[in-house]
Every structure is written in C-alpha cells, then in structure tokens.
Amino acid sequence: MFVTIEGPEGSGKSSVTKEVVKLLEQDGEIVVLTREPGGTPIAEEIRNVILDKKNTAMDSMTEALLYAASRRQHLVEKVWPLSKEGKIVISDRFLDSSLAYQGGARGLGIDKILALNQYATDGFYPDLTLLFDLDPRIGLARIAANNNREVNRLDLEKIEFHDSVRKTFLELAKRFNDRYVVLDASKPFGEVVQDAYKAIKDRLAKCK
Ligand code: TYD
C-alpha cells in the first residue's frame, strides 16, 4: 500500500506521521517512511536545488519539472521496489503537492501539472492520501515559533500563495475523493494522530 501525506506548511503532518508509523509497527506492519522532494540520494540532490533560498530566479515550470524528476527517481529507486515487497510505504508529500503548489498556487494549471506528472510516474497514484487541512496562518506561525524547522524558499511566499495551496488541496480532495481523507489539523496533536492512524487502518482493511 502506498500512502501519501499532504498539507500546507506547519500542518504538523511530519510529526504526526512519525507517531502513526510507531502505532502501525506495534500492530506488526512493516512500514517505510519517506519524503518528497527527496527520499533517495539523487532525489535529495534535486531537492537541494529546488529549495535553496538563493535560487530566486527559478522559473515556475523549471520548478515543476524538477519536482517531477525527483519524484520519478524516488519511485524507481524506492517506492516501487518496496511496495512490491509488500511493505506499507508512506511518503511525506507526493503528486498532490505539485498539483497544489505548482498547478494551483503558481498558476500553471492543475491539468497541465497532472499531465506532466502522469508522464513522470507512468500514471501511478497513491492508494490513500491524507490531507492535513489547516489555515496557513496557523501553520506559518507554528514554523516561526519552531527554531528547529528550517525555513525554505516556498515558506517565504506570501500568504495569498499559501491560501491558494490550501484551496487547491481541498479541490483535489473532492476531485479524487476515492483516495482522499481530509483531517482537521487544527485539533490537538494526539487526536490528529488517532485520526490519521484510523484512516490508514480502514484503508488497509479494504486492501487486504
Ligand atoms: P519541506 O521542508 O519538506 O516542507 P514540509 O515540511 O512543509 O513538507 O519542503 C518541501 C516544500 O516543497 C514545501 O514547501 C512544499 C513544496 N513542494 C512543492 O511545491 N511541490 C511538490 O511537488 C512537492 C513534493 C513539494
């Protein structure tokens, strides 16, 4: 099973997911947690280029192509082989981040970015996508308060950009409602962990 974790900056998705992985492992599941952009050495090198704060001249389509390139490498080297071995692969961000950030917020168009990604991924989709929905004002305030979280090039975008990311994610949740589960990430941490865990268990029960 391939699960993707999506949401705006500071939605707590990465910390929650780490806790959910522990719960799944306690149930005897073999889980691999990975992330995008990155997840393999080549894809991490592409990540450094994309997120580098000094790359202010990067064209939006170049950005979209780099995310798609890093995604392809991540799938080939990691996600596909591990899924074939029957492991649960959970990726912190995947395709839908490109649709929301590059397609929606950057204004390149969801369908154009979907087509680009279908080419890059051979039309591969996650079995389940958890959307950690949150007002970006809350998320960005959390990041500002957390000294351990490095600020990247996309965090520095204006609030309208982040509002557009959220809006696009919610549109995607409607469009792909067969694989999406929307979680309220403004709830207390422990409750969001339970909601995310339950969503994955429900989907596992359907897959088995
Ligand atoms: P990261 O530090 O991993 O942020 P987060 O903790 O919020 O996941 O940085 C990833 C950034 O890249 C984040 O701002 C979202 C953005 N992104 C895209 O714009 N398109 C994509 O396809 C992906 C995977 C990420």
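First listed ligand is number 1; within each ligand, the first listed atom is number 1. Keep in mind the model is a prediction, meaning the values are calculated, not measured.
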Using side-chain heavy atoms (C-beta onward) and a distance below 4.5 Å, is [X] in contact with [Y]?
X: I200; Y: L130; value: yes
X: V3; Y: V89; value: no
X: K13; Y: I5; value: yes

Nearest protein heavy-atom contact for [atom]: which residue, which atom, what distance?
atom: atom 9 (O) of ligand 1; answer: N152 ND2, 3.2 Å
atom: atom 19 (O) of ligand 1; answer: Q102 NE2, 2.9 Å
atom: atom 24 (C) of ligand 1; answer: R71 NH2, 3.5 Å
atom: atom 22 (O) of ligand 1; answer: S98 OG, 2.5 Å
atom: atom 4 (O) of ligand 1; answer: R149 NH2, 3.6 Å

Looking only at non-hydrogen atoms, which of [options] approaches [atom] most closely?
atom: atom 1 (P) of ligand 1; options: R47, E9, R35; result: R47
atom: atom 25 (C) of ligand 1; options: F161, Y67, F94, F132; result: Y67
atom: atom 7 (O) of ligand 1; options: R106, R93, E157; result: R93

Give the atoms of ligand 1, by number and element, whose distance to some non-hydrogen atom of L154 is under 4.0 Å. 14 (O), 19 (O)

Side-chain donor-acceptor pair present, [X], [Y], cut-off under 3.5 Å:
X: K78; Y: T40; value: no
X: S98; Y: R71; value: yes
X: R93; Y: Y101; value: yes

Geometry only, no angles: is D155 polar-contacting ligand 1 at N/O separations under 3.5 Å? no

Side chain or backbone of [X] under 4.0 Å from ligand 1, or both, or neither, by non-hydrogen atoms?
X: L51; value: side chain
X: I50; value: neither
X: E63; value: neither

So does E171 pair up with K167, basic N to acidic O under 4.0 Å? yes

Is D202 salt-bridged to K206, cutoff N-O under 4.0 Å? no

May I ask you to check if R166 and F169 form a cation-pi contact, with NZ or CZ under 6.0 angstrom from the six-membered ring centre and within 45° of the axis? no

